[in-house]
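I have placed the structure first, in the form of structure tokens, so that the comments after it can refer back to it.
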Amino acid sequence: MSEQDFSALSTTKSIQLSHGGGGQEMNKLIKGLFFKAFDNAILRSEEDAAVLTLEGKTAFTTDSFTVSPLFFAGGNIGKLAIAGTVNDLAMMGAQPQYLSCSVIIEEGFEIGKLKTIVDSMANELSISGAKIVCGDTKVVPKGCADGIFINTTGVGKIIQSGISVRNLADGDAIIVSRDVGRHGAAILMAREGLTLESELISDCNTLWPAVEALIAAGLDIHAMRDATRGGLSAVLNEWAQASDVGINLVEDDVPVSEEVRGLCELYGFEPFDLANEGTFIIALPQAQAQKALEVLEAFAACENAAVIGSVNNDHAGRVILTSGWGSRRYLDLPQGELLPRIC
């Protein structure tokens, strides 16, 4: 959107209740900002519902985003909303195709910040090729929301079937795509106003290009999951219980950045419990693990990809963590809410 288009959006610098009233101001907001950023033929039709053409098996997901703060190192709520929904589709072996986008905006929210959020959404969409084809905008009185909330729903075409939390098999290798805990740590830093000598940013990122490459390589992927709320610990425990298998995790093999490790020591957190927004876990036959690593390492965000454990038929439904000292303990599901509103 050009500066001229943007200045014509509204004579005010912040969202007013009239921007949700269905009149001229709302029309300027939707046409001057959202339609320009997300432009495509389906959206331009302006029907009450988008008309889609779907072929074969389709994945369908939805998520709402209320992250606080709205802007953090490595992203913002808009980038997070697109990446989060696209990643959920990708984890089912589905090529992201169409998204809806609904926003609830608080009266008084700066239009300049809204433009930044919407532009970041458009940029993130371009990575997967998905399109926003329908949406909704609501404006609520000041004090009734915290700036802006976003809901995105997505559908995608299943490219590789059989990827499921229930399909882990004895002998599978467990692979993580990169170092863990970055998003949770970045949100913690933003809230606490912490500064570090080396820059720590969220891993917030669209995962479809890496997943597409894994599928193209002909790998027999049994399960994939992006390690969001609850982090690595939640994913592995869910898998162990759903597939009724045991999972052995080697602590020293899990990549954790020094910044994340330091924050965890400072606050008493477990890096395996912290949220991620651009990190995923894979289970596949051990014989294919090296090939999977070679595919992932072609992507800058996956240069720390590593085999971190394996599946066996012992201690079904539990995850066993082996420390660097050789001791073993259960890695349980996280308890309580470590960091609310991380996505």
Side-chain angles (χ1 to χ4, degrees), residues 1-52 62-72 74-86 96-155 204-206 343:
M1 179 167 61
S2 70
E3 290 303 318
Q4 184 176 1
D5 292 330
F6 181 59
S7 63
L9 171 60
S10 175
T11 56
T12 63
K13 294 183 178 181
S14 61
I15 294 294
Q16 307 297 317
L17 289 175
S18 59
H19 283 114
Q24 291 184 9
E25 290 85 356
M26 184 172 181
N27 186 62
K28 288 180 180 179
L29 177 68
I30 293 174
K31 295 290 185 65
L33 185 59
F34 293 107
F35 270 47
K36 284 185 177 296
F38 306 144
D39 183 52
N40 63 77
I42 300 174
L43 189 62
R44 285 197 304 271
S45 68
E46 298 185 57
E47 303 289 358
D48 275 352
V51 179
L52 310 179
T62 190
D63 208 344
S64 296
F65 298 85
T66 66
V67 66
S68 177
L70 299 176
F71 296 85
F72 49 86
N76 60 58
I77 190 173
K79 180 181 180 181
L80 184 60
I82 299 302
T85 295
V86 165
Q97 293 176 295
Y98 305 115
L99 272 68
S100 71
C101 174
S102 293
V103 296
I104 297 175
I105 313 172
E106 184 182 20
E107 177 190 13
F109 192 74
E110 293 180 28
I111 290 180
K113 289 183 177 180
L114 181 61
K115 179 180 184 298
T116 299
I117 289 169
V118 171
D119 286 348
S120 72
M121 295 173 75
N123 290 336
E124 202 66 20
L125 283 167
S126 68
I127 297 173
S128 66
K131 298 179 176 65
I132 288 179
V133 294
C134 60
D136 182 56
T137 302
K138 293 290 189 298
V139 178
V140 296
K142 193 171 184 63
C144 293
D146 190 4
I148 182 172
F149 298 148
I150 302 177
N151 172 274
T152 44
T153 295
V155 295
C204 183
N205 194 31
T206 292
C343 63

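Starting from 1, each residue takes its place in the sequence as its number.
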Legend entry - Closest non-hydrogen atom pair between K31 and K36, with its separation: O-CG, 3.5 Å
Legend entry - Between CG on residue N205 and CD1 on residue I127, distance to nearest 0.5 Å: 6.0 Å
Quick one: side chains of residues 128-138, donor-acceptor pairs under 3.5 Å with protein atoms, not counting sequence neighbours, listed by atom name and distance.
unit_1 : atom_1 : unit_2 : atom_2 : d
S128   : OG     : A130   : N      : 3.3
D136   : OD1    : K138   : NZ     : 3.1
D136   : OD2    : K138   : NZ     : 2.6

Inset, instruction - Output the distance between atom CD1 (I111) and atom CG (L33), rounded to the nearest 0.5 Å. - result: 8.5 Å
Inset, instruction - Kindly give the heavy-atom pair with the smallest separation between I105 and F109, and that separation in Å. - result: CG2-CB, 3.8 Å
Inset, instruction - Work out which heavy atom in M121 is nearest to a heavy atom in C101; give both atom names and the distance. - result: CE-SG, 3.5 Å
Legend entry - Where I42 and A50 come nearest, the two heavy atoms and their spacing: CG2-CB, 3.8 Å
Legend entry - Atom pair OG/CG of S100 and L43 - distance to nearest 0.5 Å: 11.5 Å
Inset, instruction - Only counting residues at least two apart or in another chain, list the ones meeting side-chain contact (heavy atoms from CB on, under 4.5 Å) with V139. - result: I15, L17, H19
Inset, instruction - Output the distance between atom CZ (F38) and atom CG (D119), rounded to the nearest 0.5 Å. - result: 8.5 Å
Inset, instruction - Grab the two heavy atoms, one from R44 and one from F35, that are nearest each other, plus how far apart they are. - result: CA-CE2, 4.3 Å
Legend entry - Minimum heavy-atom distance G75-K79, with the two atoms named: CA-CD, 4.1 Å
Show me, pair by pair, the donor-acceptor contacts under 3.5 angstrom made by side chains of residues 143-154, not counting sequence neighbours?
unit_1 : atom_1 : unit_2 : atom_2 : d
D146   : OD2    : R341   : NH1    : 3.0
D146   : OD2    : R341   : NH2    : 3.1
N151   : ND2    : T62    : OG1    : 3.4
N151   : ND2    : D63    : O      : 3.0
N151   : ND2    : S64    : OG     : 3.0
T152   : OG1    : A81    : O      : 3.1
T152   : OG1    : T85    : OG1    : 2.6
T153   : OG1    : T62    : OG1    : 2.6

Legend entry - Partner residues of S120 under the side chain to side chain donor-acceptor pair (under 3.5 Å) criterion, sequence neighbours left out: N76
Inset, instruction - Verify side-chain contact (heavy atoms from CB on, under 4.5 Å) between V118 and V103, making sure each step is shown before the conclusion. - result: CA-CA 11 Å; V118 171; V103 296; over 6 Å; no
Inset, instruction - Quick one: list whatever passes side-chain contact (heavy atoms from CB on, under 4.5 Å) with Q97, sequence neighbours left out. - result: L54, K157
Inset, instruction - State whether a side-chain donor-acceptor pair under 3.5 Å links E124 with S126. - result: no
Inset, instruction - Sequence neighbours left out, what pairs pass side-chain hydrogen bond (donor to acceptor under 3.5 Å, both in side chains) with at least one residue falling in residues 101-110? - result: none
